Amino acid sequence: MNLLAIETSCDETAIAIMNFDKEQNLEKEIEFKVLSNHVLSQINIHREFGGVFPSLAKREHANNIVKIFIECLKEAGLFVEKEKEDWVEKVEGKKEEIKTLLERESEMFSELEKLFLSIEKPKIDAIAVTAGPGLAPALWVGINFAKALSIFWDIKVYATNHMEGHIVSSLVSPIAEKKYIIKNYQSPALALLISGGHTEIIYFEKLGNYKKVGKTLDDAVGEAFDKVARSLDLPYPGGPEISKLAAASRQNDLKIIPEFKLPRPMINSKDLNFSFSGLKTAVIYKIKKLEEAKTLEREEIKNLIALDFENSVTEILLKKIKDAIEEYNPKSLMIGGGVIANTHIRNSFTDFAIKEDIDLYIPEKFLTGDNAFMIGTVAILNIIKEIKDTHLNDIKADSNWSVENL
Ligand code: KG4
Ligand code: ZN
């Protein structure tokens with residue numbers, strides 16, 4: 001069957017179309033094909049605000065989603081033009097329903113109206129859409145878009161959790177052109193989720209049944225990268241920028257000056273929680289001290305802080321996962337979310353997993369940031385498990401939807 005996956009929880013408008021056989025054995029690897037996979041990033045628009053601006057994100061999603069959908073349909077070979085328009089006689093009622101649904105996204109309605117009039121119903125059997133967590137105005141665009149397609153073409157919708165997408169993405173592996181598998185893993189497992197909005201440690205025996213065993217008490221890791229980058233005058237998003245400076249510093253064997261070393265907040269706390277806001281404050285303080293000392297140029301200060309900050313975050317993540325492994329004895333460790341694009345963190349966890357003798361699952365780089373592909377993988381598993389689709393009236397943007405409440 002063909003699945004359309006939609007993701008608009010933050011600043012990426014993303015659509016993927018995947019194909020898979022519903023009759024697969026969950027005890028084995030799950031196979032699927034990706035017919036198209038598009039991610040449109042709004043980073044250039046949000047950069048001037050130094051972060052994601054929700055109403056702007058919503059507007060951009062609404063402006064772009066239909067165009068991306070058309071591109072995906074074409075690429076998947078599912079775009080078939082109608083010989084004649086038949087909106088009027090068959091679907092006048094649906095038109096009114098969709099128009100009301102898209103009251104606040106009128107530009108999307110007119111584009112969709114044109115599309116519905118001009119193409120045949122594409123061969124799509126189900127739709128997966130992110131319903132949370134994320135920015136509510138942004139989530140609503142994807143949800144309303146999914147509902148409009150569902151109403152018009154009678155397609156089932158599966159409300160999908162964004163963080164579960166980050167978990168499952170770590171199990172995805174390419175096997176041939178456009179062909180992928182969701183790998184089997186040994187249970188029980190721990191998942192470390194590190195993104196712009198979340199920092200969580202999740203324990204589970206089966207995908208879909210999660211327990212949160214650790215979380216940040218304030219900022220998320222990605223958020224800390226972004227805020228520290230801002231205090232170093234680096235553009236948004238800060239993760240890749242800091243990572244570049246830190247990598248260069250490491251290559252040049254730059255040494256941290258002991259009295260300017262950043263703290264490792266909560267590294268020895270007796271729980272599995274995190275706190276990163278103090279680290280950001282410490283960075284601002286250290287920059288000031290280093291500037292007052294006048295021994296280093298501004299560029300050198302930046303390099304030093306980026307290196308020490310990245311080391312601090314990595315050490316904290318490793319220590320918390322070491323503690324979690326001791327407590328929960330998992331056989332597998334999965335890591336997901338935008339921050340696992342970070343090369344130093346990836347390499348450190350790879351070495352760590354060998355030492356700890358635990359199976360490590362890290363997503364391919366193209367699946368680390370937000371995308372619809374990962375949303376599709378969650379729905380594929382749910383459909384194979386024969387989980388029921390979601391009633392349209394029950395699909396609402398839930399900005400704090402925890403993976404514990406699926
Ligand atoms: O998962 P994601 O794309 O969006 C959310 O769901 O939040 O994560 C975005 C976060 C941003 O804070 C960004 O700075 C961070 O991931 N990030 C990185 C790197 N690439 C992206 N952090 C550290 N190093 C990177 N290379
Ligand atoms: Zn994300």
Side-chain angles (χ1 to χ4, degrees), residues 5-14 39-43 46-47 49-52 54 57 61 130-136 138-139 142 160-170 191-200 202 215-216 219-232 234-250 276-277 279-280 306-307 309-314 316-317 334-349 362-375 377-378 399-403:
I6 302 164
E7 153 67 41
T8 65
S9 69
C10 192
D11 60 345
E12 261 90 29
T13 318
V39 181
L40 179 71
S41 169
Q42 304 172 355
I43 278 175
H46 296 290
R47 191 164 278 143
F49 302 95
V52 182
H61 287 312
T130 304
L135 305 168
L139 288 163
T160 305
N161 184 287
H162 180 87
M163 300 316 289
E164 188 172 25
H166 279 307
I167 297 177
V168 178
S169 69
S170 69
L192 171 66
L193 298 177
I194 40 177
S195 69
H198 292 79
T199 300
E200 295 175 347
I202 311 288
K215 63 174 194 311
T216 180
D219 293 351
V221 194
E223 194 178 355
F225 267 98
D226 297 337
K227 286 180 176 171
V228 166
R230 210 181 311 161
S231 41
L232 296 176
L234 298 167
Y236 174 84
E241 301 290 329
I242 292 198
S243 165
K244 251 185 270 166
L245 292 190
S249 305
R250 226 170 262 121
F276 292 105
S277 72
L279 199 47
K280 172 199 67 196
L307 175 65
F309 171 76
E310 193 176 77
N311 284 345
S312 170
V313 166
T314 310
I316 296 165
L317 295 175
M334 296 161 201
I335 311 183
V339 180
I340 197 59
N342 184 291
T343 307
H344 181 63
I345 300 178
R346 287 174 88 91
N347 293 343
S348 305
F349 269 100
I362 303 187
E364 298 280 318
K365 278 224 174 166
F366 81 99
L367 289 176
T368 55
D370 290 346
N371 61 84
F373 183 130
M374 69 180 191
I375 301 305
T377 59
V378 174
S399 45
N400 296 314
W401 188 15
S402 163
V403 283

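Counting from 1, the numbers follow the sequence of the chain as shown. Keep in mind it's a predicted model, so treat the numbers as computed, not measured. For ligands, and for the atoms within them, numbers begin at 1 and follow the listed sequence.
Both the backbone and the side chain of Asp370 come within contact range of ligand 1, each with a heavy atom under 4.0 Å. Counting heavy atoms closer than 4.0 Å to ligand 1, residue His198 contributes nothing at all.
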Discussion item. What verdict does the side chain to side chain contact (heavy atoms under 4.5 Å, CB included) test give for Ile202 and Leu193, after you've listed the backbone C-alpha separation in whole Å, the side-chain angles of each residue and the deciding distance to 0.1 Å?
Written reply: CA-CA 8 Å; Ile202 311 288; Leu193 298 177; 4.0 Å; yes

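Between Asn161 and Pro133, the closest side-chain pair of non-hydrogen atoms falls below 4.5 Å. In this structure, Ile316 and Val221 have side chains that are not in contact, with every pair of non-hydrogen atoms separated by 4.5 Å or more. Contact annotation: the side chain of Leu279 never approaches that of Val228 to less than 4.5 Å [non-hydrogen atoms, C-beta and beyond]. Within the 4.5 Å cutoff, the side chain of Trp401 has no heavy atoms near those of the Leu139 side chain. Two residues are said to be in side-chain contact when any heavy atoms from C-beta on lie closer than 4.5 Å; Ile242 and Leu234 meet this criterion.
With values rounded to the nearest 0.5 angstrom, Ser9 atom OG is found 9.0 Å from Met163 atom CE. How far CZ of Phe349 is from NE2 of His344: 10.5 Å, rounded to the nearest 0.5 Å.
Ligand 1 lies out of reach of Glu310, whose nearest heavy atom is not under 4.0 Å from it. For the ligand labelled ligand 1, residue Cys10 lies outside the 4.0 Å heavy-atom shell.
Near His162, meaning under 4.0 Å from any of its heavy atoms, are these atoms of ligand 1: 6 (O). When each atom of ligand 1 is checked for a heavy atom of Gly222 under 4.0 Å away, the hits are 12 (O). Near Gly197, with a cut-off below 4.0 Å to any heavy atom, the atoms of ligand 1 are 7 (O). Heavy-atom proximity to His166, at under 4.0 Å, picks out these atoms of ligand 1: 1 (O), 6 (O).
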Which atom pairs, one a donor and one an acceptor, fall under 3.5 Å between side chains of residues 362-372 and the rest of the protein, sequence neighbours left out?
from: Lys365; atom 1: NZ; to: Ala341; atom 2: O; distance (Å): 3.3
from: Lys365; atom 1: NZ; to: Thr343; atom 2: OG1; distance (Å): 3.2
from: Thr368; atom 1: OG1; to: Lys365; atom 2: O; distance (Å): 2.8
from: Asp370; atom 1: OD1; to: His162; atom 2: NE2; distance (Å): 3.1
from: Asp370; atom 1: OD1; to: His166; atom 2: NE2; distance (Å): 3.2
from: Asn371; atom 1: OD1; to: Phe373; atom 2: N; distance (Å): 3.2
from: Asn371; atom 1: OD1; to: Met374; atom 2: N; distance (Å): 2.7
from: Asn371; atom 1: ND2; to: Leu367; atom 2: O; distance (Å): 3.4
from: Asn371; atom 1: ND2; to: Gly369; atom 2: O; distance (Å): 2.8

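For Glu310, the side-chain hydrogen bond (donor to acceptor under 3.5 Å, both in side chains) partners at least two apart in sequence or on another chain are Arg250, Asn342. When the side chain to side chain contact (heavy atoms under 4.5 Å, CB included) test is applied to Ser249, the partners found at least two apart in sequence or on another chain are Leu254, Asn303, Leu307.
Closest to atom 15 (C) of ligand 1 among all protein heavy atoms lies Val339 CG2, 4.0 Å. Looking only at protein heavy atoms, the nearest one to atom 12 (O) of ligand 1 is Asp226 OD2, 2.8 Å. Among protein heavy atoms, atom 24 (N) of ligand 1 sits closest to Asn342 ND2, 3.1 Å.
Evaluated by nearest non-hydrogen atom to atom 21 (C) of ligand 1, the leading choice among Gly338, Gly239, Pro133 is Gly338. When Ser41, Gly196, Gly369, Pro237 are checked for heavy-atom proximity to atom 7 (O) of ligand 1, Gly196 turns out nearest.
Listed by chain and number, the protein N, O or S atoms at a distance under 2.8 Å from the Zn ion (ligand 2) are His162 NE2, His166 NE2, Asp370 OD1.
Judged by distance alone, with hydrogens and angles left aside, the side-chain atoms of Ser195 form no donor-acceptor pair with the main-chain N or O of Gly338 at under 3.5 Å.
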